[in-house]
Amino acid sequence: MTSDHATNLSSDSLEARARRHLWLHFTRMSSYQGNDVPVIVRGSGQYVYDTRGRRYLDGLSGLFVSQIGHGRAEVAEAGARQAAELAYFPLWSYAHPRAIELAERLAALAPGDLNRVFFTTSGSEAVESAWKMAKQYFKTIGQPGRFKVLSREIAYHGTSMGALAVTGLPGIKTPFEPLPPGGVRVPNTNFYRAPGFVGDDVTAFGRWAADEIERAILREGPDSVAAVYLEPVQNSGGCFPPPPGYFPRVREICDRYGVLLVSDEVICAFGRLGYYFGSQRYGYQPDVITFAKGVTSGYAPLGGMMVSDRLMEPFSDGPATFLHGITFAGHPVSAAVALANLDVFEKEDLLGNVRANEAAFRATLEKLTDLPIVGDVRGDGYFYGIEMVKEKTTRNRNGCCAASCRTPCTTPG
Ligand SMILES: Cc1ncc(COP(=O)(O)O)c(C=O)c1O
């Protein structure tokens with residue numbers, strides 16, 4: 001942090017007002033009773049600045065959002081122009097030009113035949129929309145019993161009630177039980193904490209983890225399972241890339257039991273892994289992709305799901321109406337901003353930049369494994385996790401586990 005950018009905002013007053021009126025997300029508010037709330041007032045490139053002019057490196061890109069960096073005037077101006085032309089109109093029975101252009105552009109970028117875009121305003125809404133779509137799709141094609149969704153232990157898929165039922169973090173679910181029924185957990189791909197019998201062979205581990213999905217489908221009853229939600233690289237738990245062979249095997253299992261593969265790319269799309277979509281990096285074809293965050297680089301809120309031609313068919317050719325909608329979904333300003341954001345991706349070859357630099361990035365991070373508290377460095381693209389441990393030989397972390405800590409962990413974080 002440096003103090004070279006003073007602002008003329010009164011920090012005391014903003015901080016006091018934040019303490020009095022603002023409810024911060026996932027934050028113990030009482031911890032601010034005697035402390036300042038950090039107030040970020042502006043951003044430029046990879047830096048943000050607080051009320052006191054201190055500069056911070058935005059290492060998390062906001063929340064995996066700010067792909068093109070802060071302070072891009074051309075993207076902000078695209079939003080302003082759109083607000084002046086048509087600030088708002090819903091996508092309920094009507095369309096507007098920017099939503100059409102963006103849907104077409106995303107369809108061209110997405111893998112395979114994911115040609116239809118249903119916009120939302122957030123990732124949670126995207127995840128929940130995909131579940132609702134899956135349920136209605138199966139009812140429409142005469143498989144009304146399919147409603148369950150499989151997802152991985154400690155995976156984060158959002159916080160609204162439906163998305164929370166897909167989320168695999170027990171700690172953030174308990175206060176809101178009972179949640180919508182149908183969420184089923186399967187193991188994640190944390191090889192560092194793989195069970196002992198596959199702990200030395202990453203391919204065998206991947207095969208086991210994928211086969212656990214099949215076992216869960218059989219246990220639950222294949223006719224009751226609608227979808228499997230997987231991130232290309234799981235964020236929560238600290239960045240779990242897929243082991244070799246994992247996604248091809250999952251695809252095979254989904255096809256065998258008629259279960260939809262939903263690739264939750266709220267984090268992994270739009271450059272995080274050096275591709276527009278994370279599934280492209282690992283070469284698998286999802287039935288649905290959910291996205292948000294990097295689609296606008298945070299210059300306006302937007303999310304959505306992209307679905308395959310096959311899933312769309314009952315809705316495009318038959319009498320079925322997807323009985324779902326969100327007032328601000330596909331907002332014209334957000335759509336205009338997303339188009340300008342994608343222009344920056346193209347002009348500056350951001351995907352190529354990630355791919356060209358990821359090896360150097362990884363090599364630098366791997367130097368940290370010299371430290372006695374760094375147990376593992378893992379990830380792909382511009383998406384890495386560093387797992388810190390108390391003791392390297394046992395992989396023990398915080399005293400949360402007993403002597404040996406190689407079993408899949410269910411402790412959040
Ligand atoms: C994989 C994944 N899915 C869904 C969500 C929820 O997105 P939002 O916070 O926009 O609702 C997130 C948020 O971080 C996420 O990482």
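FYI, the numbering just counts along the sequence from 1. Every number for a ligand or one of its atoms is a count from 1 in the order of the listing. All values derive from a computational prediction rather than experimental measurement.
- Remark: distances from the non-hydrogen atoms of Leu63 to ligand 1 are all 4.0 Å or more.
- Within the structure, the closest approach of Glu125 to ligand 1 does not fall below 4.0 Å when heavy atoms are considered.
- Of the protein's heavy atoms, Val266 CG1, 3.7 Å lies nearest to atom 15 (C) of ligand 1.
- Under 4.0 angstrom from ligand 1, the non-hydrogen atoms of Ser124 come from both its backbone and its side chain.
- Taking every heavy atom of both residues into account, Pro241 and Asp380 meet most closely at CB-OD2, 3.8 Å.
- Remark: ligand 1 atoms within the under-4.0 Å shell around heavy atoms of Glu231 are 1 (C).
- Shown in contact with Ile267 at under 4.0 Å from a heavy atom are these atoms of ligand 1, numbered in order with element: 16 (O).
- A salt bridge is absent between Arg310 and Glu313: the closest approach of a Lys/Arg side-chain nitrogen to an acidic carboxylate oxygen does not fall below 4.0 angstrom.
- Taking the six-membered ring for Trp and thresholds of 30 and 60 degrees, Phe118 and His324 have nearly parallel ring planes, at less than 30 degrees apart.
- Taking the six-membered ring for Trp and the full ring otherwise, Phe277 and Phe270 have centroids separated by under 6.0 Å.
- Proximity to Lys293 (heavy-atom distance under 4.0 Å) selects the following atoms of ligand 1: 13 (C), 14 (O).
- A salt bridge is absent between Asp211 and Arg215; no separation between the charged side-chain nitrogens and carboxylate oxygens falls under 4.0 Å.
- For the residues Phe64, Tyr156, Tyr229, the heavy atom positioned nearest atom 13 (C) of ligand 1 is part of Tyr156.
- Here Lys347 does not pair with Asp343 in a salt bridge; the nearest charged N to carboxylate O distance is not below 4.0 Å.
- Glu77 meets the side-chain hydrogen bond (donor to acceptor under 3.5 Å, both in side chains) test with no other residue; sequence neighbours excluded.
- Short contacts between ligand 1 and Asp264, defined as distances under 4.0 Å to a heavy atom of the residue, involve ligand atoms 1 (C), 2 (C), 3 (N), 4 (C).
- Short contacts between ligand 1 and Gly123, defined as distances under 4.0 Å to a heavy atom of the residue, involve ligand atoms 6 (C), 7 (O), 8 (P), 10 (O), 11 (O).
- For the pair Lys148 and Asp223, the salt-bridge criterion is not met [side-chain N within less than 4.0 Å of a carboxylate O].
- Per-residue contacts place His157 under 4.0 angstrom from the following atoms of ligand 1 (heavy atoms of the residue considered): 3 (N), 4 (C), 5 (C).
- For ligand 1, the atoms closer than 4.0 angstrom to any heavy atom of Ser122 are 10 (O), 11 (O).
- Under the 4.0 angstrom criterion for non-hydrogen atoms, Asn235 is not in contact with ligand 1.
- The stretch residues 63-92 participates, sequence neighbours left out, in these ring pair (Phe, Tyr, Trp, His ring centres under 6.0 Å) pairs: Phe64-Phe383, Tyr88-Phe328, Tyr88-His331, Phe89-Tyr94.
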